[in-house]
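For reference, the structure is listed below as structure tokens.
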Protein chains: 2
Amino acid sequence: MASRPKATILDIAREAGVSKSTVSLVLQGSDLIRPETALKVRKAIEDVGYVYNRGAANLRKAHSNVIGMVINDLTNPFFAEMAVGMERVFQSAGIVPFIANTAENPVRQEEVLKSLMEQGVAGLIVSPARGTTPGAFRRIEMAGLPIVFTMRRLPESRIPVIAPDNHRGAWLATAHLIGKGHRRLAFFGGSSDLVVYHERLGGFREACEALGIAKRDTLVVEGETSRKGGIACLETALAMADPPTAALCFNDAVAFGVMLALRKRGLEPGADFAVVGFDDVIEAQHYMPTLTSVAVDSAGLGERAAHVMLRMIQSRTTRAEDHIGAVNLVVRDSCGPHRPAGMGDAA
Amino acid sequence: MASRPKATILDIAREAGVSKSTVSLVLQGSDLIRPETALKVRKAIEDVGYVYNRGAANLRKAHSNVIGMVINDLTNPFFAEMAVGMERVFQSAGIVPFIANTAENPVRQEEVLKSLMEQGVAGLIVSPARGTTPGAFRRIEMAGLPIVFTMRRLPESRIPVIAPDNHRGAWLATAHLIGKGHRRLAFFGGSSDLVVYHERLGGFREACEALGIAKRDTLVVEGETSRKGGIACLETALAMADPPTAALCFNDAVAFGVMLALRKRGLEPGADFAVVGFDDVIEAQHYMPTLTSVAVDSAGLGERAAHVMLRMIQSRTTRAEDHIGAVNLVVRDSCGPHRPAGMGDAA
DNA sequence: TTGATTTGTTGGAACGTTCCATTTAATAGG
DNA sequence: CCTATTAAATGGAACGTTCCAACAAATCAA
């Protein structure tokens with residue numbers, strides 16, 4: 001039913017008794033058209049139920065108003081927060097972000113990128129899936145399409161990156177744990193095929209060294225970056241001879257998993273074992289106990305990425321500087337009481 | 001830099017020494033082409049860094065392989081879970097879903113829908129923003145574009161809906177609370193401009209009536225469908241003369257807010273006040289206490305929606321039947337231990 | 001040999017826009 | 001009254017694909 005053969009600009013022209021060029025001008029809001037004519041045209045547009053065909057338009061002007069946002073894990077609230085930040089700035093620039101999920105699957109990522117490019121997006125904001133091959137973005141770069149990475153960076157690539165200061169964040173968190181008196185520390189979750197992993201782990205290691213924790217009192221357990229991964233990490237750690245008493249987790253999801261596993265063993269997070277997360281997703285302040293975490297300002301990073309992208313599009317360049325976002329440690333309850341509450345920040 | 005004037009099918013033809021028609025055939029994987037020719041062409045494609053222009057193609061065949069998914073709140077994990085379900089089925093059908101967020105803003109929704117249509121999507125899966133005007137989808141229907149609603153339905157619309165059995169879910173949850181011995185019940189969160197709200201509230205009311213709770217022992221507090229909304233609802237309720245001892249919440253986010261607010265007042269969710277959520281997002285099983293909630297099988301609903309959409313596209317119809325998904329109550333700890341515990345004395 | 005058939009390949013006309021160059025109409029200057 | 005100037009509207013040639021009708025070469029039937 002319905003499905004008449006789709007109105008075009010010519011149908012409108014006929015309906016309004018003008019030429020297609022006039023209609024086109026009206027559609028673009030040109031002031032070369034007499035207001036009354038424009039009105040007549042707009043009415044016709046409404047009448048025939050016209051929908052603009054951007055594909056056809058792009059054929060001539062190649063100036064799409066959509067950018068693609070490719071995310072490795074949509075179910076991580078972190079990315080949703082970031083997306084919201086981006087949308088804020090894109091909206092006011094009249095451009096629409098389409099989001100696509102790769103579910104951490106490089107093959108899927110390839111498909112999604114292909115589709116987005118074919119669709120003629122003006123730019124790409126990507127958080128690459130784990131295991132992305134180095135050459136995966138060559139075609140996009142060759143096409144001269146603006147692209148920025150968020151959160152993750154690829155080993156050799158020259159593509160600009162917007163990411164938090166992972167090194168410093170990990171350093172701060174580790175120092176906090178040591179300041180609490182812990183002497184046997186662990187780093188939980190993540191895997192070494194991620195550059196971020198090395199950054200965070202590096203911060204952890206340096207802080208340990210600088211603050212006098214011997215390397216042999218330090219434990220690193222790789223694992224999935226999810227609650228499940230966190231649970232597994234804790235199990236592994238507690239099975240060791242001289243188990244750690246505190247852990248910095250690769251991200252909040254892992255931290256939640258760790259706390260969960262502690263509870264299941266009858267241990268109290270904070271009192272019996274200190275845990276710090278990374279990302280400071282909204283849930284962090286709602287957990288029991290509330291989670292001390294490295295806040296990375298996800299929405300802010302999203303906004304920043306969007307701005308960088310806009311600038312790249314405007315100046316039609318494919319280069320831009322990296323941007324390392326400030327981080328700060330939000331101290332809550334998951335590392336035990338830190339003095340009488342009162343001037344705490346855990347809101 | 002870079003940005004050579006973009007290779008087209010003709011450049012490939014020249015490079016490979018064949019005609020553009022041949023290239024086109026190769027791109028479509030036609031078996032009318034001699035394998036060695038195809039190989040030659042594919043090599044040329046690689047060499048010139050060609051990217052297919054789907055806009056141009058659609059000009060002729062109008063057969064896009066993307067569908068748009070428009071959701072009202074990307075930060076609600078519920079939708080992420082649903083999106084993942086959809087993606088699963090779409091992927092195997094070779095179609096790519098693009099997700100766009102409306103942030104519960106009808107104006108934004110309008111823009112997003114417009115953009116998606118202009119882009120020539122093959123169909124639309126929409127969870128309408130609150131306050132969507134009745135006519136918002138007229139143009140889409142006029143265009144004969146397949147569209148299905150998820151989760152929410154519009155008052156008068158004939159657009160097919162995929163949603164959980166809200167009425168029954170609320171009924172079950174309410175019955176559970178009453179079975180626990182509660183006699184003064186509240187319904188927290190949501191607002192009456194949502195059809196879902198009336199469905200859930202309806203289930204709540206009917207259960208109360210059927211199980212002998214007088215209407216005056218029943219409290220309904222509208223509010224935002226977020227943690228913040230939940231907090232506000234609880235404050236309001238506890239300020240009443242004869243406060244309720246249990247609440248069914250519009251969704252899990254509200255329930256989390258309520259539990260939070262209880263804690264802040266020194267009350268223990270489950271023991272001092274029972275709360276039930278709706279949606280059963282993953283977090284529900286990780287909270288302290290774990291949240292009793294109505295599981296709606298979000299991923300399953302996503303899959304179902306995707307299937308319906310595929311069928312609509314194939315049979316090029318714009319009609320389909322509603323689908324009401326089964327629900328079931330997942331009992332956890334937020335309503336207290338299983339014995340008919342002490343009620344009464346709140347606040 | 002000749003015509004018919006099959007197998008690969010190809011030119012050209014769409015598709016719905018934009019935009020340049022032009023035309024037409026109206027206004028002003030002399 | 002004629003010519004410049006300005007304002008408003010227009011025709012037509014792109015843009016990068018698909019697909020139909022047509023073609024050439026090779027194979028087959030007689």
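Everything numeric in this text was worked out from a predicted model, so none of it was measured. All values below come from the heavy atoms of this structure, side chains included, with hydrogens, waters and symmetry mates left out. Letters go in sequence order (proteins before strands), and every chain restarts at 1.
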Point to revise | Whole-Å distance separating the CZ atom of A:Arg54 from the C1' atom of C:dT17 | key: 11 Å

Exercise for review: Determine: side-chain N/O of A:Arg34 to OP1/OP2 of D:dA9, distance under 4.0 Å, yes or no.
Suggested key: yes

Point to revise | OP1 or OP2 of C:dC19 under 4.0 Å from side-chain N/O of A:Gln28 | key: yes

Practice item. Write down the distance between NZ (A:Lys61) and P (C:dC20), rounded to a whole number of angstrom. Key: 14 Å

Check your understanding: In a check of side chain to side chain contact (heavy atoms under 4.5 Å, CB included) between A:Val126 and each of A:Val148, A:Leu113, A:Thr102, A:Ile159, which one passes?
Key -> A:Leu113

Check your understanding: Is any NZ, NE, NH1 or NH2 atom of the basic residue among B:Arg108 and B:Glu111 found under 4.0 Å from an Asp or Glu carboxylate oxygen of the other?
Key -> yes

Study note, to complete from the structure: Closest to the side chain of B:Val18, out of C:dT10, D:dT10, D:dC15, is C:dT10

Point to revise | Residue A:Leu10, side-chain atoms from C-beta onward, closest of C:dT17, D:dA9, D:dC19 | key: C:dT17

Exercise for review: Measure from the side-chain heavy atoms of B:Ile33 and tell me the nearest of D:dA13, D:dT17, C:dT9.
Suggested key: C:dT9

Check your understanding: D:dG11 P sits how many Å from A:Arg14 CZ, rounded?
Key -> 13 Å

**Study point:** Residues A:Arg139 and B:Glu46 bridged, charged N to O under 4.0 Å
**Key:** yes

Practice item. Report yes if a side-chain nitrogen or oxygen of B:Ser24 is closer than 4.0 Å to either non-bridging phosphate oxygen (OP1 or OP2) of D:dC19; otherwise report no. Key: no

Check your understanding: Between the main-chain N or O of B:Ser24 and the side-chain N or O of B:Gln28, is there a donor-acceptor pair closer than 3.5 Å?
Key -> yes

Review point. Where the side chain of B:Ser19 is concerned, which of C:dG16, D:dT10, C:dG11 is the nearest nucleotide?
Key: C:dG11

Practice item. May I have the distance from B:Ile9 (atom CD1) to C:dT9 (atom C1'), rounded to whole angstrom? Key: 14 Å

Exercise for review: Check whether any side-chain nitrogen or oxygen of B:Ser21 sits under 4.0 Å from OP1 or OP2 of C:dT9, and answer yes or no.
Suggested key: no

Exercise for review: Tell me what B:Leu25 touches on the nucleic acid: a base, only sugar-phosphate, or nothing, going by heavy atoms under 4.0 Å.
Suggested key: base

Review point. When you measure from the side chain of B:Arg60, which nucleotide among C:dG16, D:dT17, D:dA9 comes out closest?
Key: D:dT17

Practice item. Could you work out which one of D:dG16, C:dT17, C:dT10 sits closest to the side chain of A:Asn53? Key: C:dT17

Check your understanding: Over how many whole Å does the gap from B:Lys20 atom NZ to C:dA14 atom C1' extend?
Key -> 11 Å

Practice item. Round to the nearest Å and state the distance from B:Leu59 atom CG to D:dT17 atom P. Key: 11 Å

Review point. When you check the gap from the basic side-chain N to the acidic O, do A:Arg152 and A:Glu104 get nearer than 4.0 Å?
Key: yes

Check your understanding: Atom CG of A:Asp31 and atom C1' of D:dA7: how far apart are they, to the nearest Å?
Key -> 11 Å

Point to revise | Spacing of A:Leu32 atom CG relative to C:dA21 atom C1', expressed in whole Å | key: 14 Å

Review point. Among D:dT17, C:dT18, C:dT10, which is the nearest nucleotide to the side chain of B:Tyr50?
Key: D:dT17

